[in-house]
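Below, chain A is the first sequence line, B the second, and so on; all start at residue 1.
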Amino acid sequence: MFEADGSCRPHYVQLLEMLTSLSVEKLEQLQFTTDKAQMAMGMTFNVYHDKQGIEKILHLDIVPRIINAAEWKKIEAGLKQRIYALNLFLQDVYNEQKILKDKILPKELVFSCPGYLKPCEGLTPPKGIWCHITGTDLVRDKDGEFYILEDNLRCPSGVSYQLESREIIKRVFPNMLSKLGVAPVSNYPNRLLNILEYLSDKEKPVVGVLTPGIYNSAYFEHSYLAHSMGVELVMGQDMVEVKNKVYMLTTNGLKQIDVLYRRIDDTFLDPNVFNPESLIGVPGIFKAFKSGNISLANAPGSGVADDKAIYAYVPKIIKYYLDEEPILSNVPTYLCSDEKDRAYVLDHLQDLVVKETNAAGGYGMMIGPRASGKELKTFTRLIKENPRNYIAQPTLSLSTVPTLVDSQLEPRHVDLRPYILYGEEIEVIPGAFTRVALKRGSLIVNSSQGGGSKDTWVLQH
Amino acid sequence: MLSRVANSVYWLGRYLERSENYSRFIDVNFNLMLDLPPNVKEQWEPLIRATGDYDLYTSHYESFDRETAIYFLAFDKHNPNSLISSVTNARENARMVREILTKETWEKLNELYLFVKDGADKETWKSEGAVRFFTDVKYGIQLLYGIADNSVARTEGWYFSHLGQYLERADKTSRILDVKYHILLPSADEVGSPLDFLHWTALLKSVSGFNIYRRFYGKIDPVHIVELLVLNKYFPRSVFFCLTNAEICLRTISGTSGKGYSNSSEKRLGALQSQLEYQDVNDVISSGLHEYLDGLQIKINKISDTIHDNFFKLNSTFTNQKNIQE
């Protein structure tokens with residue numbers, strides 16, 4: 001909200017005026033009603049390893065985060081470019097592998113990605129689209145620029161919170177949105193349904209959302225999306241594959257399903273091809289997918305493109321396929337598998353953030369400046385044992401937004417996750433799921449680790 | 001509609017009805033006991049027997065005192081049919097199919113669940129507030145029905161939940177009537193005595209049937225009470241009324257009109273419904289009331305099993321079905 005010199009950034013002025021005009025009691029009251037609204041709506045997520053009270057509410061802070069039109073224009077263009085290039089990469093890497101033959105990317109690195117699925121070789125998904133739904137994480141550093149932190153191509157969650165949060169905050173500050181010209185986000189379910197239906201050649205395809213079930217942490221989102229698109233919410237047990245087609249078991253017999261927005265991981269999709277222990281998938285679904293009788297969003301195998309080691313090469317991937325400079329930069333990344341990089345990382349461990357290449361949710365990472373001597377030692381050992389598994393990045397100073405904590409507004413670090421849909425064209429939804437680290441000074445915004453959220457306002461002008 | 005979803009909705013209907021009936025059972029027995037003459041002992045054992053969970057009860061508890069009985073019927077999580085188990089199951093089923101419920105029904109059901117859970121945490125069975133608690137549960141469920149009636153689309157899901165509800169209610173009405181069979185009068189001379197009268201009145205009140213009975217039949221007479229609860233065409237909790245409506249639901253689901261049947265559920269349910277349609281109360285009494293009710297309950301269970309086989313069962317026989325919609 002503020003510049004380094006303490007002045008308020010222009011697009012925040014009206015919000016700041018309004019906030020300062022409100023008493024602390026009023027702010028607390030608004031926060032209280034927000035909590036209540038979330039409870040009543042059942043906007044809950046499940047926390048793993050926590051048998052007691054498995055349904056929890058993701059804290060929604062009432063102070064919105066604002067992104068001005070110029071910032072957004074750049075983010076939008078940058079994300080479209082990136083997703084377009086990543087999709088070309090996926091098509092190439094599972095087919096001709098030109099990028100490997102041209103030695104832009106080391107073969108061993110690609111093939112050692114857990115997200116690289118051999119059964120997908122030679123496959124072209126319907127309309128040539130692999131990554132239909134992406135939720136890319138960005139951060140704004142002290143230089144004011146947005147950087148790409150992670151490409152999430154594997155069932156990213158949070159979009160339902162973005163939509164429901166807007167519904168709540170709309171009621172908290174009813175006049176501000178139209179006054180500032182905030183872009184609406186509510187037609188997301190429509191757009192999502194459009195891109196899903198686009199994947200089938202049938203006039204009125206049968207679409208479903210595949211969920212692992214009510215104990216999954218994102219179950220609220222799965223049922224929310226099915227409900228708001230008006231499609232079936234299915235579980236693996238509801239489907240069978242017969243002669244390369246997938247059918248739902250209904251009270252009226254078998255009904256063919258044409259498109260699945262699947263919210264389960266690749267390796268659980270089909271026990272016949274991937275993890276044989278999986279009980280939440282559908283035996284035979286991969287065969288049906290290969291025969292072109294069912295579309296899956298995102299396509300299995302997309303995960304290879306969001307491996308943290310591949311991430312380091314995305315600027316090169318963009319250059320290779322599009323012959324363009326990346327509009328949005330990566331955070332500088334050191335690959336521990338690279339000898340030179342590794343030596344640097346081990347020397348500068350206390351200044352860097354170390355991440356496991358295939359972990360998510362803020363797990364498996366170490367923040368150098370805040371790590372204890374013991375943690376530093378552990379990670380030194382881990383990196384030496386399995387360098388392929390780790391990358392390191394400089395510690396960024398994530399931007400902050402005022403947040404209501406203990407009855408006062410205090411700066412808290414935030415990140416940004418906009419959602420990108422790839423159908424007939426690529427669209428970036430003008431809004432985002434902003435996660436906020438509620439602990440003072442903390443940089444970890446993941447909901448599983450004590451993070452909250454904010455409504456994100458993208459200004460149209 | 002997905003078979004799994006239909007199954008959840010069917011059981012949502014059954015568990016809600018069960019919750020309401022258990023609240024009624026307890027509420028009424030409570031009131032009955034409060035009305036008893038000073039020298040007559042409270043009887044909770046008949047209620048436990050009527051629920052069909054007598055063996056489970058005696059394997060855990062020895063005495064049939066009020067507190068233990070209420071705890072068992074309402075708050076014991078080890079009793080799969082207790083109020084708290086039923087409400088929890090109703091909510092779990094609703095959670096599985098939340099995408100097809102209306103916002104208000106889900107929110108009210110969630111509130112009801114939290115209310116019952118809170119009652120368990122506060123050990124309501126020990127307190128004076130117990131009577132009030134069960135009345136509130138009953139009203140909470142009726143509110144839910146009211147909301148659903150005005151906001152839920154009349155599609156397959158609605159009929160599956162009502163099918164469950166009506167079959168459950170038919171079973172529970174027959175069990176409430178059976179309570180009277182188990183209640184012991186101090187001696188055979190007491191038949192027709194004021195105490196006997198008190199029992200029958202309580203029974204009618206437990207199904208909200210006291211006023212209706214008065215208008216239809218006037219004086220309290222056990223034979224007429226049996227007629228009202230089993231065979232009456234107009235009383236919405238009579239076994240006949242419930243079976244008739246369950247049959248309408250079932251036929252709407254499978255789209256069968258006119259005479260005959262199109263699946264084994266319709267066959268069984270239709271047969272039982274017609275049996276009651278052409279019986280009079282003397283047929284019921286002459287075969288022995290308790291035996292008659294027992295037979296009804298067994299048949300209703302069979303119907304439920306058949307519905308399960310016809311609509312919910314997820315197995316390989318599905319893949320052999322001719323009924324594949326492309």
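- At most 12 heavy atoms of other shown residues, nucleotides or ligands fall within 6.0 angstrom of atom CG in A/Leu279.
- Contacts of B/Glu156 with chain A are made by side-chain atoms alone, with heavy-atom separations under 4.5 Å and no backbone atom involved.
- Residue-environment remark: NZ (A/Lys290) exceeds the threshold of 12 foreign heavy atoms within 6.0 Å.
- Shown here is B/Phe115, whose CZ atom has more than 12 heavy atoms of other residues, nucleotides or ligands within 6.0 Å.
- Taken from OG in A/Ser223 to CG in B/Leu101, the straight-line distance is 9.5 Å, to the nearest 0.5 Å.
- Under a cut-off of 6.0 angstrom, the local environment of NZ in A/Lys127 is crowded, with over 12 non-hydrogen atoms contributed by other residues, nucleotides or ligands.
- Put simply, the side chain of A/Thr251 never gets that close to the backbone of B/Phe311: no donor and acceptor are under 3.5 Å apart.
- Neither the backbone nor the side chain of A/Val209 comes within less than 4.5 Å of any heavy atom in chain B.
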Side chain to side chain contact (heavy atoms under 4.5 Å, CB included) between A/His227 and B/Arg98, intermediate numbers included
CA-CA 8 Å; A/His227 182 85; B/Arg98 218 176 123 174; over 6 Å; no
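- From A/Lys255, atom NZ reaches atom CE of B/Met1 across 11.5 Å, with rounding to the nearest 0.5 Å.
- Expressed to the nearest 0.5 Å, how far CE of B/Met96 lies from CD1 of A/Ile214 amounts to 6.0 Å.
- The number of heavy atoms from other shown groups lying within 6.0 Å of OH (B/Tyr145) is above 12.
- Counting heavy atoms from C-beta on, the side chains of A/Val234 and B/Leu2 come closer than 4.5 Å.
- Contacts between B/Ile253 and chain A at a heavy-atom distance below 4.5 Å are absent for every atom of the residue.
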